[in-house]
Engineer: 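Here it is: the structure, laid out below.
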Amino acid sequence: MSVAKKQYKRITVKSLIEMKANKEKISMLTAYDYTMAKIVDTAGIDVILVGDSASNVMAGHETTLPITLDQMIYHASSVIRAIERCLVVVDLPFGTYQGNSKQALESAIRIMKETGGHAVKLEGGSEIEQSISRILTAGIPVMGHLGLTPQSIYKFGTYTVRAKEEAEAKKLKEDAKQLEELGCFALVLEKVPAKLAQEVAESLTIPVIGIGAGSGVDGQVLVTHDMLGMTHEFNPRFLRRYLDLYTEMTNAFKQYIDDVKSVDFPNEKEQY
Ligand code: KIV
């Protein structure tokens, strides 16, 4: 179903805030390379996130911790070369901003200068307040990320739903308010109860984009490879698969192998 919406030639951080004010939901997907970014942008996505989930999806690591700033810059600059309309947000990887606001600013500047990205995303609340403030002083837009923050997986121990207990929910609400007051232009809320996410979204003027956070927020984000069904092992309740590309691609590869072995490929028309 197509939904009536204002036509934006280019999406900016201001467009997202306007969408929230106009009750238009924001669509966001990940991309890490030129070809995927081109398809996602052409389809009309509002935001591409060059997520540090590239560490899992592209490099096969178990967590997002190993990916480096140089690797994120490579992914983000490939995405930027593909896009014409959407806003591109780039994750600052683990170890490039926590506990050192000078390093945080330097990392964010490298992202902006070397990739042409439009904004950065950082995980955490009050504990990274100084890093966020310092990045903002350089005029770099910052997206926050609360709830399940995968860079802290070894602190949480599991990838289960966050903020189910009152104390954690209270801290999350305070952090969300603080991120807005600091000047973040938007916030990702990952894997938290839908009721809490809606409460946070309603209490802020900046957009709250959810992943596993229900429908009461201002937009949704998914990892593209998951929603296309290219990954098989990851089956959280919140994930809607729009295709089963794992099966489709496997069948195509098998067919190609058979065609090569049987000398069906290339045929007369496929050679010079
Ligand atoms: O890295 C990522 O893909 C993310 C999304 C899951 C929000 O941070």
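Remember, it's 1-based here, ligands and their atoms both numbered in the order they're listed.
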Engineer: Got Met58 and Asp33 here, is their nearest side-chain heavy-atom distance under 4.5 Å?
Structural biologist: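 Yes; the side chains approach each other to less than 4.5 Å.
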Engineer: Tell me whether Arg162 forms a cation-pi arrangement with Phe156, defined as NZ or CZ under 6.0 Å from the six-membered ring centre and within 45 degrees of its axis.
Structural biologist: yes
Engineer: Write 'none' if nothing qualifies; otherwise put on separate lines each N/O atom of ligand 1 with a protein N/O atom under 3.5 Å away and their distance to 0.1 Å.
Structural biologist:
{"from": "ligand 1", "atom 1": "1 (O)", "to": "Asp52", "atom 2": "N", "distance (Å)": "3.2"}
{"from": "ligand 1", "atom 1": "1 (O)", "to": "Asp52", "atom 2": "OD1", "distance (Å)": "3.0"}
{"from": "ligand 1", "atom 1": "1 (O)", "to": "Ser53", "atom 2": "N", "distance (Å)": "3.1"}
{"from": "ligand 1", "atom 1": "1 (O)", "to": "Ser53", "atom 2": "OG", "distance (Å)": "3.3"}
{"from": "ligand 1", "atom 1": "1 (O)", "to": "Asp91", "atom 2": "OD2", "distance (Å)": "3.1"}
{"from": "ligand 1", "atom 1": "3 (O)", "to": "Ser53", "atom 2": "OG", "distance (Å)": "2.5"}
{"from": "ligand 1", "atom 1": "8 (O)", "to": "Lys121", "atom 2": "NZ", "distance (Å)": "2.9"}

Engineer: When the ring planes of Tyr32 and His75 are compared, do they come out parallel, tilted or perpendicular, using 30° and 60° as the limits?
Structural biologist: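 The arrangement is perpendicular - the two ring planes meet at more than 60°.
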Engineer: With side-chain contact (heavy atoms from CB on, under 4.5 Å) as the criterion, how do Leu105 and Tyr97 come out once you've worked through the C-alpha distance, each side chain's angles and the decisive distance to 0.1 Å?
Structural biologist: CA-CA 8 Å; Leu105 177 59; Tyr97 63 93; over 6 Å; no
Engineer: Do Glu62 and Asn56 have side-chain N/O donor and acceptor atoms under 3.5 Å apart?
Structural biologist: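 On atom types as modelled, these side chains do not qualify, holding no pair under 3.5 Å.
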Engineer: Do Asp258 and Lys254 sit within salt-bridge range, that is, some charged N less than 4.0 Å from a carboxylate O?
Structural biologist: no
